[in-house]
Protein chains: 2
Amino acid sequence: MSQRNTGVTDQVAEVGDGEDACPVREVLDRISGKWSIQIVLAAAEKPVRFTELERTIPGISRRMLTLTLRSLERDGLLVRTVYPTVPAKVVYSVTDSARELHDAFVTLMDWAERNRSSVTAARAAYDSAALAVAQEEEPVRVPR
Amino acid sequence: MSQRNTGVTDQVAEVGDGEDACPVREVLDRISGKWSIQIVLAAAEKPVRFTELERTIPGISRRMLTLTLRSLERDGLLVRTVYPTVPAKVVYSVTDSARELHDAFVTLMDWAERNRSSVTAARAAYDSAALAVAQEEEPVRVPR
DNA sequence: CCGTATCCGAGGAGATACTG
DNA sequence: CAGTATCTCCTCGGATACGG
């Protein structure tokens, strides 16, 4: 009991949840963790099997896949269905709640693609400026 | 040099960024961290001063405020303006890029408020079910 | 007022090995 | 196939103290 290090917030957290009530934190807690969004994104297209997700999402580990799935299931975003066939087959599908969230994610992804280049550029500019300062030299003044 | 523990991803990360190119990760890296969203949200309403943000955002520490601000500035989401008055005055304002992102955040917040109750309910249901299993008893079968 | 530097704990996440 | 259990590393982020 009293399991340590469950990752992904925790589950069955002390019953007394604590009254945050802040919507910002609620959202963050749900989409943070490297994998939640990608899983919802994948499951929203069509119900997916465990192994399927493992292949669909590049760097995910078995552990994090399981933990994130449980977390999403707990929040009522995914439904886990088990078919008691011989090697057992498990399918995860999104709920209505998650489908709406999915739309919000799409908006976010859209932003990411439209602003990718500008962010990269801003970053490069910021870094080179910081570097110049660190070297106590005049900015962007090329040697030769 | 080679400073440890800068928090908020890191800045000036080894120059060679590594080619992820995954929009999902890009978004996540920007909105993860407990404070980014709230800062953008606040600065989007009107340009804000450092201390102002400190008061506006409840639990934030000076450290995290600075770190997150730098990170957002680096990504071209915030602009830092210094007025060389006597005790110096610094104002942070959002860029166009950030204003679009702000809209996406609003969508997310909207979702959070609309689904707050259903998530809470789903969580309670999941937890009580798990608890019943843990006690090796029949589910939801009240004693008396 | 606007930060920076340092110390340190909590928990997120990978690697690996084992089970029904 | 679909997980669970451990062990461990590392990043995030709070507390605190100091500097221009």
Side-chain angles (χ1 to χ4, degrees), chain A residues 1-14 25 28-36 38-39 47-73 78 80-92 130 133-134, chain B residues 1-14 25 28-36 38-39 47-73 78 80-92 130 133-134:
Chain A
M1 314 314 165
S2 159
Q3 75 287 39
R4 285 284 130 200
N5 187 20
T6 46
V8 186
T9 59
D10 206 12
Q11 56 227 54
V12 199
E14 259 128 52
R25 306 313 324 290
L28 270 181
D29 290 349
R30 199 136 313 101
I31 67 182
S32 71
K34 296 159 69 171
W35 313 110
S36 305
Q38 299 178 64
I39 291 178
V48 280
R49 302 185 52 174
F50 187 89
T51 324
E52 210 168 345
L53 282 169
E54 221 174 348
R55 271 177 289 114
T56 305
I57 304 175
I60 197 167
S61 66
R62 244 187 175 69
R63 171 188 150 82
M64 288 318 295
L65 179 53
T66 303
L67 286 171
T68 310
L69 284 171
R70 292 286 171 280
S71 170
L72 293 171
E73 191 194 351
L78 289 185
R80 179 173 179 270
T81 313
V82 184
Y83 296 92
T85 58
V86 188
K89 172 181 173 180
V90 180
V91 172
Y92 293 90
V133 172
Chain B
M1 313 311 159
S2 160
Q3 77 285 40
R4 286 282 129 198
N5 188 21
T6 47
V8 186
T9 57
D10 208 13
Q11 56 227 53
V12 199
E14 258 127 52
R25 307 312 326 287
L28 271 180
D29 290 349
R30 201 138 311 102
I31 68 183
S32 71
K34 298 157 70 169
W35 313 110
S36 305
Q38 299 178 65
I39 291 178
V48 280
R49 301 186 53 175
F50 188 89
T51 324
E52 209 168 345
L53 282 168
E54 220 174 348
R55 272 177 289 114
T56 305
I57 304 176
I60 198 167
S61 65
R62 246 188 174 69
R63 170 188 151 84
M64 288 318 295
L65 179 53
T66 304
L67 249 27
T68 310
L69 284 172
R70 292 288 170 279
S71 170
L72 293 170
E73 191 194 351
L78 290 184
R80 180 172 179 270
T81 313
V82 184
Y83 297 92
T85 58
V86 187
K89 172 182 172 181
V90 181
V91 171
Y92 294 89
V133 172

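By convention in this document, chain letters (A, B, ...) are assigned in the order of the sequence lines, proteins followed by strands, and residues within each chain are numbered from 1.
Computed from coordinates, the B:M64 CE to C:dT4 C1' distance equals 14 Å when rounded to whole Å. One atom, CG of B:L67, and another, P of C:dA5, lie 11 Å apart when rounded to the nearest Å. Going from atom CD1 of B:I31 over to atom P of D:dC12 covers 15 Å, rounded to whole Å. In this structure, the CZ atom of A:R80 is 10 Å from the P atom of D:dA2, given to the nearest Å. Between the CZ atom of A:R25 and the P atom of D:dC12 there is a distance of 15 Å, given to the nearest Å. Between the CG atom of A:L28 and the P atom of D:dC12 there is a distance of 15 Å, given to the nearest Å. At whole-Å resolution of the value, CZ in A:R70 and P in D:dA5 are 11 Å apart. With rounding to whole Å, B:K34 atom NZ is found 13 Å from D:dC12 atom P.
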_Please determine whether side chain to side chain contact (heavy atoms under 4.5 Å, CB included) holds for the pair B:F50 and B:L69, giving the CA-CA distance in whole Å, both sets of side-chain angles, and the decisive distance to 0.1 Å._
CA-CA 9 Å; B:F50 188 89; B:L69 284 172; 3.8 Å; yes
*Decide side chain to side chain contact (heavy atoms under 4.5 Å, CB included) for B:V48 and B:I39; before the verdict, give the C-alpha distance in whole Å, the side-chain angles of both, and the deciding distance to 0.1 Å.*
CA-CA 9 Å; B:V48 280; B:I39 291 178; over 6 Å; no
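Counting non-hydrogen atoms under 4.0 angstrom, A:Y83 reaches nothing in the nucleic acid.
A sub-4.0 Å separation between OP1 or OP2 of C:dC2 and a side-chain N or O of B:Y92 is absent. An OP1 or OP2 oxygen of D:dA2 is reached within less than 4.0 angstrom by a side-chain nitrogen or oxygen of A:R49.
Residue A:G33 comes nearest to B:L28 through the heavy atom pair O-CD1, 4.3 Å, listed as atom of the first residue, atom of the second, then distance. Closest approach of B:P47 to B:V91, counting heavy atoms only: CB-CG1, 3.5 Å.
Listed in residue order, the members of residues 52-62 of chain B having a heavy atom less than 4.0 Å from DNA chain C are B:R62.
Ranked by how close their nearest DNA chain C nucleotide is to the 5' end, B:A88 and A:G33 are led by B:A88.
Relative to the side chain of B:R63, the nucleotides D:dA15, C:dT4, D:dC1 differ in distance, and D:dA15 lies closest. Nearest to the side chain of A:T51, among D:dA2, C:dT4, C:dC2, sits D:dA2. You'll find that the side chain of B:F50 is closest to C:dC2, out of D:dA2, D:dT4, C:dC2.
Considering B:T66, B:T68, B:L67 in turn, B:T66 is the only one that fulfils the side-chain contact (heavy atoms from CB on, under 4.5 Å) rule with B:R70.
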Table please: side-chain donor-acceptor pairs of residues 51-60 of chain B below 3.5 Å, with sequence neighbours left out.
residue	atom	partner	partner atom	Å
B:E52	OE1	B:R49	N	3.0
B:E52	OE2	B:K46	NZ	2.4
B:E54	OE2	B:R62	NH1	2.8
B:T56	OG1	B:E52	O	2.7

